[in-house]
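To keep things clear, I will list the structure first and then write my remarks on it.
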Amino acid sequence: MNIFADIRTSIIETLDAMVADGVLPANLSWGNVAVEPPRDAAHGDMATNAAMVLAKPASMQPRVIAEALADRLMDDPQIDTADVAGPGFLNLRLAPVVWHDVVAEAIDAGASFGHSGLGAGVKVNVEYVSANPTGPLHVGHTRGAVFGDALASLLEFAGYDVTREYYINDGGAQVDVLARSVYLRYLEAHGATVAFEDGTYPGDYLKPVGEALKAKVGDAYLEQDEEVWLADVREFATEAMMDLIREDLGLLGVRMDHFFSEKSLYGTGRIEEAIQDLDKKGLIYRGTLEPPKGKVPEDWEPREQTLFRSTEHGDDVDRPIKKSDGSWTYFAPDIAYHWDKIARDYDELIDIFGADHGGYVKRMKAAVSALSDGRVPLDIKLTQLVKLFKDGAPFKMSKRAGTFVTLRDVVDQVGRDVTRFVMLTRKNDAPLDFDFDKAVEQSKDNPVFYVQYAHARIRSVMRKAEEMHLDWSDNAKLEDAAEFAVARKLAEWPRLVEIAARNHEPHRVAFYLYELASDFHALWNRGNEKPELRFLHEDDPQATAAKIALPRAVAVVISNGLGILGVTPVEEMR
RNA sequence: GGCCCCGUAGCUCAGCGGAUAGAGCAACCGCCUCCUAAGCGGUAGGUCAUAGGUUCGACUCCUAUCGGGGCCGCCA
């Protein structure tokens with residue numbers, strides 16, 4: 001149930017009736033008629049712009065339409081008052097029964113309150129993290145992991161059929177570098193002293209991999225040429241790194257449905273097939289690119305390459321898919337990968353990239369547009385940088401990786417729930433300052449705590465109510481403005497889910513939960529001034545049951561919202 | 001040079017084309033005999049970077065300019 005949608009339906013039906021009665025001309029479109037919460041609650045519970053958007057096409061004064069509409073809406077039992085305001089807004093005040101119903105429905109529906117039919121029948125693939133299998137996940141990956149995971153959960157909640165996917169870049173030169181680095185650790189495990197030159201990964205995390213390799217092959221690869229061991233070590237090391245990454249994701253509570261290997265595209269003709277598909281569409285040609293303007297590389301020389309005519313699909317320049325030596329660029333397997341996703345029959349694709357991949361967005365969209373003939377939309381979300389702070393200073397060190405802060409470092413510092421929530425307190429395209437001290441601080445300027453505290457308070461009250469053996473009725477008794485404010489906020493939940501899902505913006509859930517918690521804490525304190533508004537009434541189980549329904553509904557929504565964010569709602573604060 | 005993101009209160013940030021632009025922090029003033037004061041209420045604080053345009057209506061959409069960040073063939 002989404003009461004905004006309900007009321008809109010009622011308004012549309014009324015408008016239809018007005019057309020039938022000749023009050024409004026025919027052939028009007030209701031597409032722009034919106035029903036939304038007013039900015040100022042003093043204006044009422046809901047507002048519609050119907051009269052204003054229809055005034056021009058109907059050639060009528062907005063206030064005339066608004067008044068006629070208001071008059072008829074009074075027949076709707078859900079609507080108490082309808083007032084024309086300002087340039088032609090129609091402010092509606094809803095009957096108390098509407099809010100009582102919202103509370104009852106939240107309690108009855110429980111974990112499914114807020115579910116939506118928005119995504120019914122839509123298959124969507126969310127690709128995120130996709131870090132190179134060359135080391136542990138770092139902070140940047142953490143943000144992408146949390147964002148992607150929360151977005152996937154949000155879409156599921158809104159009814160989409162979601163696949164969570166990780167693209168393993170195990171086909172490029174970086175895995176050779178990994179293999180050579182592991183080989184050095186292998187030599188080290190045999191007692192050799194090794195030097196990590198430029199172009200190798202010096203991190204300590206490869207030590208156990210070197211030892212594991214020794215345990216597996218003994219001294220078979222000692223004093224052997226690279227061609228003897230490279231392929232095997234590459235395989236071995238990549239698997240070890242993916243185990244490490246899976247472990248890191250586990251720390252965050254992220255589970256992928258599918259890991260897709262780039263390597264599986266090579267030697268199987270699949271890259272060739274994907275490129276042929278583009279070729280058939282006349283989008284592949286041999287050519288020479290212009291050097292980039294402004295900052296021309298010193299060693300620039302024009303070379304003929306195989307190019308993808310991405311400019312046909314909105315890109316700024318055509319992009320190379322083969323290097324001058326004839327081998328594939330990294331773009332080619334990426335094209336094949338997305339071609340594969342399209343072939344798997346997804347209706348929508350979403351990619352989560354780090355901000356440093358911003359320059360890659362247009363060509364990827366161009367490729368998907370070309371491969372699917374514009375049928376499959378690809379949305380690419382970029383997650384901006386995370387700056388870590390501790391004791392007021394930037395936090396940079398990592399014992400494990402040597403150079404960068406790992407996902408594990410962050411989760412060790414503040415825990416999974418805090419990490420996830422904090423990462424979602426910004427829009428994905430805004431940089432994020434992550435302050436370890438603030439994140440674990442127990443005060444209202446820490447949103448994680450603030451929302452958790454509201455949930456814990458409610459659970460505490462419910463535990464006390466258990467002892468009263470009361471009849472857990474769903475019927476709330478609402479009388480105070482603070483109570484209606486909370487109920488109104490609860491009613492916004494299903495609508496918020498749809499807005500957040502449609503825009504691919506899970507951070508809206510985090511902000512909403514903060515607002516809901518705030519309304520709840522305000523209500524709690526109203527009990528100081530008006531004892532009859534408290535939730536527990538000793539020796540009066542009936543009054544208690546009537547008052548406790550509202551906080552129960554709040555707990556349901558907080559729990560559902562935190563569930564989308566992947567944060568566990570706590571039962572008590574400690 | 002081109003492309004992408006950002007510019008909103010002193011600070012950190014919300015704001016699906018709607019009304020008098022919101023929250024937290026910091027400042028000031030209040031509230032515990034009471035379900036968790038780990039909380040709540042109030043005061044103060046704004047040329048929404050700038051200039052045009054579209055619209056009944058623009059923080060929101062378009063164009064240009066300024067400022068900050070990122071990216072720009074044979075690295076992924």
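So that the names make sense, note that chain A is the first sequence line, chain B the second, and so on, each numbered from 1. Both backbone and side-chain heavy atoms feed into the values below; hydrogens, waters and symmetry mates do not.
The A/Lys362 side chain lies nearest to B/C4 when the options are B/C5, B/C4, B/C40. Nearest nucleotide to the A/Arg303 side chain, out of B/G73, B/U36, B/G39: B/G73.
For the C1' atom pair drawn from B/A51 and B/G69, the interatomic distance equals 24 Å after rounding to whole Å. Atom P of B/G53 sits at a distance of 15 Å from the matching atom of B/C59, rounded to the whole Å. Rounded to a whole angstrom, the distance from the C1' atom of B/U54 to that of B/C61 is 8 Å. B/U65 and B/G10 have their C1' atoms separated by 27 Å, with the value rounded to a whole Å. When the P atom is used for both B/A58 and B/C40, the distance is 36 Å, rounded to whole Å. Atom C1' of B/C28 sits at a distance of 37 Å from the matching atom of B/C66, rounded to the whole Å. Going from the P atom of B/C13 to that of B/C32 covers 36 Å, rounded to whole Å. Remark: the separation of the C1' atoms in B/A19 and B/G57 is 10 Å, to the nearest Å.
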The contact string for nucleotides 13-19 of chain B, one letter per nucleotide 5' to 3', using protein heavy atoms under 4.0 Å with B, S and - for base, sugar-phosphate only and none, comes out as SSSB-BB
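Using modelled atom types and a 3.5 Å distance limit, the side chains of A/Asp351 and A/His357 yield no donor-acceptor pair. In summary, the side chains of A/Tyr285 and A/Asp318 do present a donor paired with an acceptor at a separation below 3.5 Å, with no hydrogens or angles considered.
Distance A/Leu516 CG to B/A23 P: 16 Å, rounded to the nearest Å. The distance from atom CE of A/Met573 to atom C1' of B/U36 is 10 Å, rounded to the nearest whole Å. If you measure from atom CD1 of A/Ile65 to atom P of B/C56, you get 14 Å, rounded to the nearest angstrom. Per the geometry, CG belonging to A/Asn169 stands 15 Å off P belonging to B/C75, to the nearest Å. The NE2-C1' distance, from A/His521 to B/G39, rounds to 7 Å in whole Å. When rounded to the nearest whole Å, the span between CH2 of A/Trp328 and P of B/C75 equals 17 Å. Per the geometry, CG belonging to A/Asp437 stands 16 Å off C1' belonging to B/U12, to the nearest Å. Atom OH of A/Tyr201 and atom P of B/A76 are 10 Å apart (whole Å).
A/Lys547 contributes a side-chain N or O that, together with a main-chain N or O of A/Lys477, makes up a donor-acceptor pair within less than 3.5 Å. Remark: the backbone N or O of A/Ile350 is not paired with any side-chain donor or acceptor of A/Asp379 at under 3.5 angstrom. Judged purely by atom type and a 3.5 angstrom limit, A/Ser518 has no side-chain atom pairing as donor or acceptor with the backbone of A/Tyr514. Between the side chain of A/Asp417 and the backbone N or O of A/Val567, no donor-acceptor pair lies under 3.5 Å. Here the side chain of A/His455 pairs no donor or acceptor atom with the backbone of A/Val451 at under 3.5 angstrom.
Within the 4.5 Å cutoff, the side chain of A/Phe331 has no heavy atoms near those of the A/Pro320 side chain. For the pair A/Lys381/A/Phe353, no side-chain contact is recorded, criterion being any heavy-atom separation below 4.5 Å from C-beta on. Counting only heavy atoms from C-beta outward, the side chains of A/Met60 and A/Leu24 approach each other to under 4.5 Å.
When the nearest nucleotides of RNA chain B are assigned to A/Ser324 and A/Lys438 by heavy-atom distance, the more 5′-ward of the two goes with A/Lys438. Each of A/Ser327 and A/Val361 was matched to the nucleotide of RNA chain B holding its nearest heavy atom; the match closer to the 5' end belongs to A/Val361.
The glycosidic torsion of B/C32 lies within 90° of 0, placing the base in the syn range.
Using a 4.0 Å heavy-atom criterion, one finds that A/Ala355 contacts the sugar-phosphate atoms exclusively. Residue A/Gly359 is classed as a sugar-phosphate contact, given heavy-atom separations below 4.0 Å to backbone atoms only. A/Glu262 comes within 4.0 angstrom of the backbone, heavy atoms only, and of no base. Among the protein residues, A/Phe449 comes within range of the nucleic acid bases, having at least one heavy atom under 4.0 Å from a base atom.
Distances shorter than 4.0 Å separate none of the side-chain N or O atoms of A/Tyr360 from OP1 or OP2 on B/G73. The side chain of A/Lys323 contributes an N or O atom lying less than 4.0 Å from OP1 or OP2 of B/A76.
Relative orientation of the A/Trp524 and A/Phe520 rings is perpendicular, given thresholds of 30° and 60° on the angle between their planes.
Summarising the geometry of A/Asp315 relative to A/Ala366, their closest heavy-atom pair is CB-CB, 4.4 Å, with the distance given to 0.1 Å.
Remark: A/Lys323 is not positioned above the aromatic ring of A/Trp328, lacking an NZ or CZ atom under 6.0 angstrom from the ring centre and at most 45 degrees off the axis.
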Within the sub-3.5 Å range, which N or O atoms of nucleotides 26-35 of chain B have a protein N or O partner, and how far apart are they?
residue: B/C34; atom: O2'; partner: A/Arg534; partner atom: NH1; Å: 2.8
residue: B/C34; atom: O2; partner: A/Arg534; partner atom: NH2; Å: 2.2
residue: B/C35; atom: O3'; partner: A/Lys464; partner atom: NZ; Å: 3.2
residue: B/C35; atom: O2; partner: A/Phe535; partner atom: N; Å: 3.2
residue: B/C35; atom: O2; partner: A/Leu536; partner atom: N; Å: 3.2
residue: B/C35; atom: N4; partner: A/Trp524; partner atom: O; Å: 2.7

Would you please test A/Tyr330 and A/Glu262 for side-chain contact (heavy atoms from CB on, under 4.5 Å) and show each step?
CA-CA 10 Å; A/Tyr330 54 85; A/Glu262 175 193 359; 5.8 Å; no
Canonical and wobble pairing (Watson-Crick, G-U, under 3.5 Å) of RNA chain B, dot-bracket with |
(((((((..((((....[...)))).(((((.......))))).....(((((..]....))))))))))))....
